[in-house]
Amino acid sequence: MSNFLTTDKRTQYCAQVNISDMGNEVILMGWAHRRRDHGGVIFIDLRDRTGIVQVVFNPETGKDVHTEAHKIRSEFVLAVKGVVRKRPAGMENPALKTGEIEVLVSDLEILNESKTPPFSFDEEDISENIRLKYRYLDLRRPAIQQNLFLRSKLAAATRNYFNDNGFIEVETPFLTKSTPEGARDYLVPSRISKGMFYALPQSPQLFKQLLMISGFDRYYQIVKCFRDEDLRADRQPEFTQIDVEMSFITENDIINIMEGLMAEIFRHCLNRELPLPFPRLGYFDAINRYGKDNPDVRFGLELTDLTNILRESNFKLFREVIAKGGVVKAIKLDNTSTLSRKELDDLRDYVSIYGAKGLAWARVNAADWTSPIYKFLSTEEVGNINKQVSASAGDIIFFVADVPRVVHDSLGNLRLHLAKKLKLYKPDDLSFVWITEFPLMEYSEAEKRYVSMHHPFTSPYNEDLSGLTTSPDKVRARAYDLVLNGSEIGGGSIRIHRKDIQNQVFSVLGLSDEEARSKFGFLLDALEYGAPPHGGIAFGLDRLTMIMTGAESIRDVIAFPKTQKAACLLSDAPSKVSIEQLMELSLKIV
RNA sequence: GGGGUCGUAGUUAAGUUGGUUAUAACGCCGGCCUGUCACGCCGGAGGGCGUGGGUUCAAGUCCCAUCGGCCCCGCCA
C-alpha cells in the first residue's frame, strides 16, 4: 500500500505524462473528471490544472484496486500510482494531449469524495448566477483557468519589465482620504474617530505624485482600485491597475517606455511581436473620424462630415438641425451584403439608444439612390454627398443629423455595431493607438461648471496656459490614452508640478482655496517642496487580460467577480451587520 | 434613476389560441457489460414552473407587484 502525500509524492502533473515516461511508474493526483466502467476494466479521466490523462483499473492486474475504483464518482479527489504504457493500437485518442498513453493503476487512494457537482464542466452555457454561486467549481473549467494563468503571466511580465528598467514597486494605502472629482468613493467608517470616514482609493493618484516629490523617480504598482459606480461587461467595482509614475520626463518618454511594456507583455504572454511605435491620434481627430475617444481602428467605416454640403439644403430636417448649430455626418458601408428593411429598422432602434432621433439611409445605385430622403435632396447634393463619402453603386450610406455629441455617439457606436455584425475585422487583430491632446476641461451642464476631463492634476500645454481663465475648454491637456481594439486600456498625463498653476486650475474648476486645501492640501503643500516635473499612466489590467484572452466579460478574467448589482453570489456580500458592529462605529441605518 | 432580456427537474432547454396525471436531453441512482474516451444496454427516482398577489370554472401560459442573472443608457477613465 502506498503512502501518498508523505513518502509517495506526486511525480508530475496529469497532462505532463507522455510517451517518454513509458514503462515508468508515476504518481498522479487530481480529480475524477469522467468514469467509464465497463464492468471489467474501468477508465478514469484524471484531471488537474494541466489537463487530463486516462488511468486504467484492470481486475486482472489489480483486484483490490479495481474494487476500490468502483467507488469513484465525478470530482472525487484521487491519488494513483501506476505504470505508463502505450495504449493498444487503434485506441489512441488524438483529442487528448496524453492520448497516446495511459496509466495502469496499481495503487489508488481516494483522498476525498465529492457531492455530485451542480453543473457539468463541459457545458458552456450554464447560467451565470449558478456559476458565480459555485465559483470554486466554475474555476475548475479549463477555459477560466487559462485566463487566470495568462493574467498571472501578464503581471509577471509587467513586474519583470519595470524591475529591469529601474522602477520601484511601492504600496500605497487602501484606507485613505475621500476626494472630490471623479467617481463615487467606497467609504469605510472610522471606529476611532466617530463620524469620520476613510475612502478606498479610486486610484493611487496623489500618493504616486508624492512619491515623485520624495525622489523615487520611477514608480510602479499593480494595485486594486475601487469605484462605486454602476457595472458593465468590462467594469467591476474593484479592479486592478498597472500604475506608473516617472520624474524628469515628457509625454514621449512615458509613451516610449509603455510601448516597450506592451511589447514585452505580448511577447511573453502570447508570443506576438508588436509593431512599434503605435500610431497617435489627436482627440478631436478621433472624435471627428470615429465619433469616440477610444476608437477601434481595426477597420475603416469612418465618419464623414456633410454639414457644409447640406447647410442650404431644401431638406428641412437637415437644414434646421444645422441652423441650430448641429451637424450632419455619415458613414458609408462598402458594397455590402444588402441589409433588409428589418435590419435597417433595427439599426435605427440601435442609434436611438444614443439619442439619435432617426437614422437616414441611402442605397447607392448607378444613377440615383434608393432612400427615404432621396426626394428631399437635389441632384447636386446627392452628387456632392456621393463624392464626399466616395460612394459607388452598391454602397449604403447612413446619416445622422443632430447636435455633435449625439451624432458622434450614435454614428461612433453604429460603426462598431456594423463592424461586429459584418465581421469587418479578424478576431486576433490588434490595433493600438494613442489618443493625445485631450481638452483639459469640459463644461458640465449638470454641475454648471467646468470639470476636469482627466483629473485636476493634469498639466495644460504650456502654450495654452494663457487661455486658462478666458476659454478653459480650448486648453489642451498633456494627457494620453492608450486604446487597443476600441477599448481604453490605459491613460495618464504629465502632472502639474507648480503650485501656482495647480491653484489656477482649481480656481477654474470652481474649487475655492479652502476647499482645495481641505481636499488635497497635502498635495499642495508637497508641491512647494521641490516637486520635480513628473507624469505617469495607469493601465487596466483586467481589460488588457480580457482582450488578450478574448474574454467577453471582465468576470471571466477575475477569480471572484461581482454581479451587476455589485454582489458576490459566492460569499453573499454585501450583507447586514450586527447592531453591535454599527454601534461601535456610531452608525445608524436610515 | 431608466430601457431591454431571461428565470420551468441537479443542468440545459421545449411547453400551441389558458384545458386531463408538466415534456426531452444530459446528469443522478440500481443492474448488466474487459478497451472506452460525450462508452453502451436495461430499469428507476427527481420539479409543480423565481416569489407574492389577482383575473378565471381552470394559470407555467393573462394582469400587477417583487426578487435575482445578463446587456445597455445615464454614471464611470
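Model, not experiment: these values are computed from the prediction.
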N/O contacts under 3.5 Å, protein versus nucleotides 35-41 of chain B?
residue: B:G35; atom: O6; partner: A:R85; partner atom: NH2; Å: 2.5
residue: B:G35; atom: N1; partner: A:E102; partner atom: OE2; Å: 2.8
residue: B:G35; atom: N2; partner: A:E102; partner atom: OE1; Å: 2.5
residue: B:G35; atom: N2; partner: A:E102; partner atom: OE2; Å: 3.1
residue: B:U36; atom: O4'; partner: A:H38; partner atom: NE2; Å: 3.2
residue: B:U36; atom: O2; partner: A:R36; partner atom: NE; Å: 2.5
residue: B:U36; atom: O2; partner: A:R36; partner atom: NH2; Å: 3.3
residue: B:U36; atom: O2; partner: A:Q54; partner atom: OE1; Å: 3.4
residue: B:U36; atom: N3; partner: A:Q54; partner atom: OE1; Å: 2.8
residue: B:U36; atom: N3; partner: A:Q54; partner atom: NE2; Å: 3.0
residue: B:U36; atom: O4; partner: A:Q54; partner atom: NE2; Å: 2.7
residue: B:U36; atom: O4; partner: A:R87; partner atom: NH1; Å: 3.3
residue: B:C37; atom: O4'; partner: A:R36; partner atom: NE; Å: 3.0
residue: B:C37; atom: O2'; partner: A:R36; partner atom: NH1; Å: 3.4
residue: B:C37; atom: O2; partner: A:Q54; partner atom: OE1; Å: 3.4
residue: B:C37; atom: O2; partner: A:N93; partner atom: ND2; Å: 3.2
residue: B:C37; atom: N3; partner: A:R87; partner atom: NH1; Å: 2.5
residue: B:C37; atom: N4; partner: A:R87; partner atom: NH1; Å: 3.1
residue: B:C37; atom: N4; partner: A:M91; partner atom: O; Å: 2.2
residue: B:C39; atom: OP2; partner: A:R34; partner atom: NE; Å: 3.3
residue: B:C39; atom: OP2; partner: A:R36; partner atom: NH1; Å: 3.2
residue: B:C39; atom: N4; partner: A:D37; partner atom: O; Å: 2.4

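Using a 4.0 Å heavy-atom distance criterion, A:T563 is classed as a sugar-phosphate-only contact. Using a 4.0 Å heavy-atom cutoff across all strands shown, A:G182 reaches sugar-phosphate atoms only and no base atom. As judged by a 4.0 angstrom heavy-atom cut-off over every strand, A:I130 is placed among residues touching the sugar-phosphate backbone only. Residue contacts for A:D293: at a heavy-atom cut-off of 4.0 Å it reaches a base atom on one of the strands shown.
Spacing between atom CG of A:N294 and atom P of B:A77 amounts to 14 Å, rounded to whole angstrom units. The interatomic distance linking A:D349 (CG) with B:C72 (C1') rounds to 14 Å, in whole Å.
Checking side-chain atoms of A:R227 against main-chain N and O of A:Q202 turns up a donor-acceptor pair under 3.5 Å.
Judged by distance alone with a 3.5 Å cut-off, a donor-acceptor contact links the side chain of A:R232 to the base of B:G74. Contact annotation: side chain of A:R235 to base of B:C76, donor-acceptor pair present below 3.5 Å.
For A:S203 and B:A77, the shortest distance from a side-chain N or O to OP1 or OP2 is not below 4.0 Å. Phosphate contact (OP1/OP2 of B:G68, side-chain N/O of A:K565, threshold under 4.0 Å): present.
Using cut-offs of 30° and 60° for the angle between ring planes, the A:H417 and A:Y350 rings count as parallel.
The side chain of A:D230 approaches B:G1 more closely than any other nucleotide in the set B:G1, B:G30, B:C71. When distances are taken from the side chain of A:Q202 to each of B:C76, B:G1, B:A77, the shortest belongs to B:A77. Comparing B:C71, B:G74, B:G27 by their nearest atom to the side chain of A:R555 picks out B:C71. Ranking B:G69, B:C75, B:U11 by closeness to the A:E229 side chain, first place goes to B:C75. The side chain of A:N129 approaches B:G69 more closely than any other nucleotide in the set B:G10, B:C76, B:G69.
For B:C39 and B:C26, the C1' atoms lie 15 Å apart once the distance is rounded to whole Å.
Checked against the 6.0 Å centroid threshold, A:H38 and A:F43 count as a close aromatic pair.
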Determine, stepwise, if the pair A:H70 / A:R35 fulfils side chain to side chain donor-acceptor pair (under 3.5 Å).
-> CA-CA 9 Å; A:H70 269 116; A:R35 155 183 80 112; over 6 Å; no
Report the C-alpha distance between A:N252 and A:T250 in whole Å, list the side-chain angles of each, state the deciding distance to 0.1 Å, and finish with yes or no for side chain to side chain donor-acceptor pair (under 3.5 Å).
-> CA-CA 5 Å; A:N252 284 332; A:T250 68; 4.8 Å; no
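Residues A:D481 and A:Y283 have side chains that never bring a donor and an acceptor to within less than 3.5 angstrom of each other.
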